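We count residues from 1, following the sequence as given. What's counted below: heavy atoms across the whole structure, side chains too, no hydrogens, waters or symmetry copies. As the structure is a prediction and not an experimental result, all values here were calculated from the model.
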Amino acid sequence: MKSVTVKDLVERFSLEILAGHSELHRPITKTKAHRPGLEFVGYFEYFPQAHVQLLGRKEITYLHKLSENERNLHIGNIVKYHPPCFVVTRSQEGLKYLKKYCEEERIPLLRTSAPTSKFQDLVDLFLSKSLAQEIAVHGVCVNVSGIGILLRGKSGVGKSETAHTLIRRGHRLVADDIVVLKKISPETLLGTHNGKTKEFLALRSVGLINVSRLYGRKAFQDETRIVLDIELTKWQEHALNNDLELEPTFTDYMDISIPHIEIQLQPGRDVAGLIEAAANSWYLRQQGYSAAEEFMQRLQSDTD
C-alpha cells in the first residue's frame, strides 16, 4: 500500500509542529482529510481514524466552550484511535489541552495559517496524487491546447520528434520516454514524468535537450489529465486510411478507458498538425458536436 509520512505533509505545506516531533514518520495511507464532528459527541461507529484530522474554527470553538471535564473526555476518546496527525487551521490559539493529549498518545499536532476549506482542498489534492495507483508506460506525454495526449508507438517511430514539432508550435512537453500514469479517480488519469526526465526530450541525431532552457518555461508542463491515446504506426499501403471511425475505440489504463486514435506515418505527412486536429476534434465532441455525425445526417437527408 502506498503511503506518505506526516513529515511529507509538514514539508509540503510548511506546517508548524506543536506536539509529536518524534512521530513525524507516521504513515498516511488515506486520501481524504476528515473534520471530526460527531466524534466529539461520542459517535465513533464510522470514524475514519486512518485519515488526517482537521480542526477548523468550528471544531476548536466548540472545544473551547466545553468544560474542562467534557473537553478532556471528548478529546481523550478521539486520540485513543491514534489518527496519523491533527492539523489546526487559521493559526488558532489556546491549544494547551490538545498538546497534552497528543504528547501523551504520541500523535503529531500541527498548525497552519490557511483557512480550513482551502487547506482541506490542498491536502486532499496532494494526498490523491501522492497515493494514487500508478503505472509507467513507454511513450511521450504532451499538452496540446490544454488537452493531455499520450503518444505511443514502437521505438524509433518518431514520438519525440513529433513532440518537438508540437513544442515549437507553442504546445507543452510533460514527459518523454517514460510516462507515469496516475489514477486520481475512477474517471481521471493523470500523466506526469518520473522526476529524472523532467524537462528533457531525447532527439535522435541531436541528443538530449532541455525544452525549458531551449524554448522557455512555457514549453514544459509538470502534469496533465490524459484524454487522448494516440498511437503512431508505420504506413500500411493497403490499409483503409480515410474511414469515418463512427465507432470510437479505446485503450484501458487501470480500468480507465481513454479514446484511442492511430496515426500512420509517411514522409511528408504533417503528423503534428494531425495531432492538433485530433485534440480540437476531441474538444468539439465534448461540446456535443461530431463532424462524422453531421456528415452522415447530410447523406441521410439527401436520400430522403
Side-chain angles (χ1 to χ4, degrees), residues 1-40 43-64 71-134 180 182-185 188 190 192-195 198 222-223:
M1 178 182 295
K2 294 184 67 175
S3 67
V4 298
T5 65
V6 175
K7 183 179 180 181
D8 294 327
L9 198 68
V10 170
E11 294 177 347
R12 175 64 180 82
F13 296 104
S14 301
L15 301 178
E16 180 185 1
I17 306 171
L18 302 179
H21 292 74
S22 63
E23 300 299 316
L24 300 184
H25 62 277
R26 292 169 65 97
I28 302 172
T29 59
K30 300 297 183 181
T31 58
K32 297 290 185 180
H34 173 69
R35 297 182 66 177
L38 290 174
E39 293 78 17
F40 281 139
Y43 186 78
F44 289 93
E45 187 171 351
Y46 297 104
F47 179 42
Q49 63 193 67
H51 294 243
V52 172
Q53 305 296 314
L54 291 187
L55 301 176
R57 181 179 293 169
K58 179 175 63 177
E59 291 81 15
I60 295 299
T61 300
Y62 171 76
L63 291 174
H64 284 346
R71 191 163 56 221
N72 291 341
L73 175 63
H74 295 321
I75 296 174
N77 286 338
I78 290 181
V79 297
K80 288 177 181 177
Y81 283 87
H82 291 92
C85 64
F86 289 96
V87 183
V88 177
T89 60
R90 294 184 175 273
S91 298
Q92 296 177 91
E93 301 286 348
L95 307 176
K96 184 178 180 180
Y97 52 89
L98 271 175
K99 293 181 184 179
K100 171 180 176 291
Y101 276 103
C102 286
E103 289 289 5
E104 288 178 357
E105 297 293 336
R106 303 170 65 88
I107 301 172
L109 176 62
L110 315 171
R111 183 163 60 186
T112 176
S113 61
T116 310
S117 57
K118 180 180 179 180
F119 183 74
Q120 184 166 11
D121 290 342
L122 291 174
V123 168
D124 287 350
L125 182 61
F126 169 71
L127 293 177
S128 293
K129 291 180 180 179
S130 300
L131 302 178
Q133 178 185 354
E134 65 179 51
V180 178
K182 295 188 176 186
K183 184 178 181 179
I184 303 300
S185 76
T188 305
L190 197 70
T192 186
H193 51 81
N194 65 357
K198 180 180 180 180
D222 199 57
E223 59 188 25

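Salt-bridge annotation for E103 and K99: absent, with no side-chain N of the basic residue lying under 4.0 Å from a carboxylate O of the acidic one. One finds a salt bridge joining R111 and E93 here, because a Lys/Arg side-chain nitrogen approaches an Asp/Glu carboxylate oxygen to under 4.0 Å. Contact check on E223 versus K129 returns a salt bridge, with a Lys/Arg side-chain nitrogen under 4.0 Å from an Asp/Glu carboxylate oxygen.
Looking at heavy atoms from C-beta onward, Y97 lies in side-chain contact with H64 at the 4.5 angstrom threshold. Contact annotation: the side chain of R106 never approaches that of H82 to less than 4.5 Å [non-hydrogen atoms, C-beta and beyond]. Side-chain contact between L15 and F119 is present, with at least one heavy-atom pair separated by less than 4.5 Å. In this structure, D222 and H193 have side chains that are in contact, with non-hydrogen atoms separated by less than 4.5 Å. Counting heavy atoms from C-beta on, the side chains of E39 and P48 come closer than 4.5 Å. The side-chain heavy atoms of T5 and I28, taken from C-beta on, include no pair separated by under 4.5 Å.
Of the possible donor and acceptor atoms, none in the side chain of Q133 sits under 3.5 Å from a partner among the backbone N and O of K182. With hydrogens and angles ignored, the 3.5 Å screen pairs no side-chain donor or acceptor of R26 with any backbone N or O of P108. For the pair K183 (side chain) and T188 (backbone), a donor-acceptor distance under 3.5 Å is absent. With hydrogens and angles disregarded, no donor-acceptor distance shorter than 3.5 Å links the side chain of D8 to the backbone of V4.
Counting only N and O atoms by type, the side chains of S91 and S113 include no donor and acceptor under 3.5 Å apart.
The two residues G56 and T89 make their nearest non-hydrogen contact at CA-OG1, 3.3 Å. Here the closest non-hydrogen pair linking I78 and F40 is CD1-CE2, 3.2 Å. In plain terms, the two heavy atoms of S3 and L131 that are nearest each other are CA-CD2, 3.5 Å. Minimum heavy-atom separation, L9 to C85: CD2-SG, 4.1 Å. Listed here is the closest heavy atom pair of V79 and P83: O-CD, 4.4 Å.
Classification of the Y46-Y43 ring pair by plane angle, with boundaries at 30° and 60°, yields tilted. In this structure, Y81 and F44 have parallel ring planes: the angle between them is below the 30° cut-off, well short of the 60° mark.
The distance from atom CZ of F126 to atom OG1 of T31, rounded to the nearest 0.5 Å, is 12.5 Å. Atom NZ in K100 sits 13.5 Å away from atom CG in L109 (nearest 0.5 Å). Note: L98 CG to I75 CD1 = 4.5 Å, rounded to the nearest 0.5 Å. Atom NE2 of H21 is separated from atom NZ of K7 by 13.0 Å, given to the nearest 0.5 angstrom. Between the SG atom of C102 and the CD1 atom of I17 there is a distance of 13.0 Å, given to the nearest 0.5 Å. Considering CG of D121 and OG1 of T116, their distance stands at 11.0 Å, rounded to 0.5 Å.
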Test side-chain contact (heavy atoms from CB on, under 4.5 Å) applied to N72 and Y101, step by step: CA-CA 9 Å; N72 291 341; Y101 276 103; 3.2 Å; yes
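Residue pairs meeting the side-chain hydrogen bond (donor to acceptor under 3.5 Å, both in side chains) criterion with at least one member in residues 47-61, sequence neighbours excluded, are R35-E59.
Remark: K118 engages no residue in a salt bridge (Lys or Arg N to Asp or Glu O under 4.0 Å) (not counting sequence neighbours).
Residue K30 qualifies as open at atom NZ: its count of foreign heavy atoms under 6.0 Å is 12 or below.
Screening V10, V88, L18, L55 for a side-chain contact (heavy atoms from CB on, under 4.5 Å) involving L110 leaves a single residue, V10.
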